[in-house]
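One structure below.
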Amino acid sequence: MILHELIDYETLRVIWWLLLGVLLIAFATTGGFDLGVGTLLPFVARTDTERRVAINTIGATWEGNQVWLILGGGAIFAAWPPLYAVSFSGFYLAMFAILFALILRPVGFKYRSKRESANWRNGWDWALFIGGFVPSLIFGVAVGNVLQGVPFRFADDMRIFYEGSFFALLNPYALLCGLLSLAMLTMHGAAWLVLKSSGPVAERARSYGSIAALAVILLFALGGLFLWIGDGGYRITSDISPIGPSNPLLKTVALEKGAWLTNYTAHAWMIIAPVLGFAGAALAFIAMRARREVMTLLFSKVAIFGIISTVGLSMFPFILPSSLDPRSSLTVWDASSSHMTLFIMLVVTVIFLPIILAYTAWVYKVLWGKVDEKSVTDKNSHAY
């Protein structure tokens, strides 16, 4: 038997769909609190010292947290080439805005304290706010558009045509999803600040985080209600082979009201995902008000896991539906790389992912503890 045939093609495709979800959730639960702290910076910190406290809660780990975003992009590129081609070309301006905002963060971290000027530092603090706010919003807007379908099509020779515009992405449902993403990551950032800081910064973070948690519950419910009563949702109406060739044009797809909810009827266990989304946010609110710092962060992570999993499970086996030509929609069964490629990538992942996890755990263990005003004002401190 050839080595890569130890795992059949269908199973490999499902594994890589799961791994893509794992990488997205890992980024949201680690890099997500970095983005949330940036978003909260102008609100929880009113003096230069307080802003330094907030910044230094993430200053030592934010670079490592970007690993999950890079791995996610790499997984899309290698495991799902059509998805990479469509999303990174169709969402080009949105991706550019995200990258521009993310580039502001390292510059802001490194340069804000290079001068004593208040205007200089305030300017970089607003750059850090943009670096947190813009990606948090646009990530959710992108997901909202994916749920509605993206205006692309494949020609018979598999050339890709995208016929949308940047401003068309800013439709009401996508903006609702953007606000949900913003509230979710703001809640997560507040949970991190409550855990890692003290004094006025932690108290303000607790207040804003409580509001964000309630907003998550409301916006998540509204998003689900729209999927239930709206016209969105796609369903495969022809036979499709889980081990067939990666050619989206070999199937037929119909737009159908409520189609994104059919998986929950066929597989009742999937309801666990939205339940975790609601329960995690509610428990994060309760823990935040009860001053249970560690539990607040854990429940916030549960909410993120539930919300992101809800999107993936609702759409399965779709990964990027097309509103322009539904049969061009990309699914787990017809948008992957070859059997051999997926197997080799899985072997590499099995080797290196535990190393990344072990190193990340070690870093957080070493850097455990609160950041206070004394630690950032100490003359011998290496804080930002």
Side-chain angles (χ1 to χ4, degrees), residues 21 23-45 54-55 57-59 61-69 72 94-95 97-99 101-102 104-105 108 127-144 146 174-197 201 204-220 222-223 276-278 280-285 287-288 296-312:
L23 294 174
L24 293 176
I25 292 170
F27 173 67
T29 54
T30 55
F33 60 68
D34 296 336
L35 298 177
V37 170
T39 302
L40 286 167
L41 187 60
F43 308 101
V44 300
I55 290 169
T57 62
I58 59 174
T61 56
W62 74 269
E63 289 178 288
N65 293 338
Q66 303 308 299
V67 167
W68 303 108
L69 179 62
M95 295 287 186
I98 290 173
L99 289 175
L102 292 178
L104 284 176
R105 294 203 303 160
L128 290 172
F129 166 75
I130 293 170
F133 177 88
V134 171
S136 298
L137 181 69
I138 294 182
F139 283 139
V141 169
V143 172
V146 169
L175 290 173
L176 172 65
C177 291
L179 291 175
L180 171 58
S181 173
L182 179 63
M184 180 178 74
L185 297 184
T186 299
M187 172 188 69
H188 202 45
W192 181 253
L193 284 172
V194 166
L195 176 67
K196 290 288 290 182
S197 66
V201 173
R204 296 185 195 117
R206 182 173 288 106
S207 298
Y208 285 108
S210 300
I211 296 171
L214 295 176
V216 168
I217 296 171
L218 175 62
L219 293 169
F220 191 35
L222 289 175
L276 288 177
F278 285 115
L283 291 171
F285 171 82
M288 205 170 293
T296 298
L297 185 65
L298 291 177
F299 287 136
S300 180
K301 291 185 177 186
V302 169
I304 291 173
F305 174 85
I307 291 170
I308 296 178
S309 297
T310 297
V311 175

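Quantities reported herein were computed from a predicted structural model and do not represent experimental measurements.
- Lys196 is not listed as a side-chain neighbour of Val37, based on a closest heavy-atom distance of 4.5 Å or more.
- For the atom pair CE of Met288 and CG of Leu297, the computed distance is 9.0 Å after rounding to the nearest 0.5 Å.
- How far OH of Tyr208 is from OG1 of Thr39: 13.0 Å, rounded to the nearest 0.5 Å.
- Classification of the Trp192-Phe33 ring pair by plane angle, with boundaries at 30° and 60°, yields parallel.
- The side-chain hydrogen bond (donor to acceptor under 3.5 Å, both in side chains) check on Thr29 picks up nothing, with sequence neighbours excluded.
- With a 4.5 Å cut-off on side-chain heavy atoms, Phe220 and Thr310 count as touching.
- Applying the side-chain hydrogen bond (donor to acceptor under 3.5 Å, both in side chains) criterion to Glu63, with sequence neighbours excluded, gives no partner residue.
- Residue Thr57 holds its OG1 atom at 8.0 Å from CG of Asp34, rounded to the nearest 0.5 Å.
- In this structure, the side chains of Val143 and Val311 come closer than 4.5 Å at one or more pairs of heavy atoms.
- Between Val216 and Ile307 the shortest side-chain heavy-atom distance falls below 4.5 Å.
- Here the side chains of Asn65 and Ile58 are not in contact, with every heavy-atom distance at 4.5 Å or above.
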For a quick test of your reading: what N or O donor-acceptor pairs under 3.5 Å do the side chains of residues 174-187 make, sequence neighbours left out?
residue : atom : partner : partner atom : Å
Ser181  : OG   : Ser136  : O            : 2.6
Thr186  : OG1  : Leu182  : O            : 2.6

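- Atoms CZ and CG, from Arg206 and Leu193 in turn, are 11.0 Å apart once rounded to the nearest 0.5 Å.
- For the pair Leu35 and Arg105, the minimum side-chain heavy-atom distance is below 4.5 Å.
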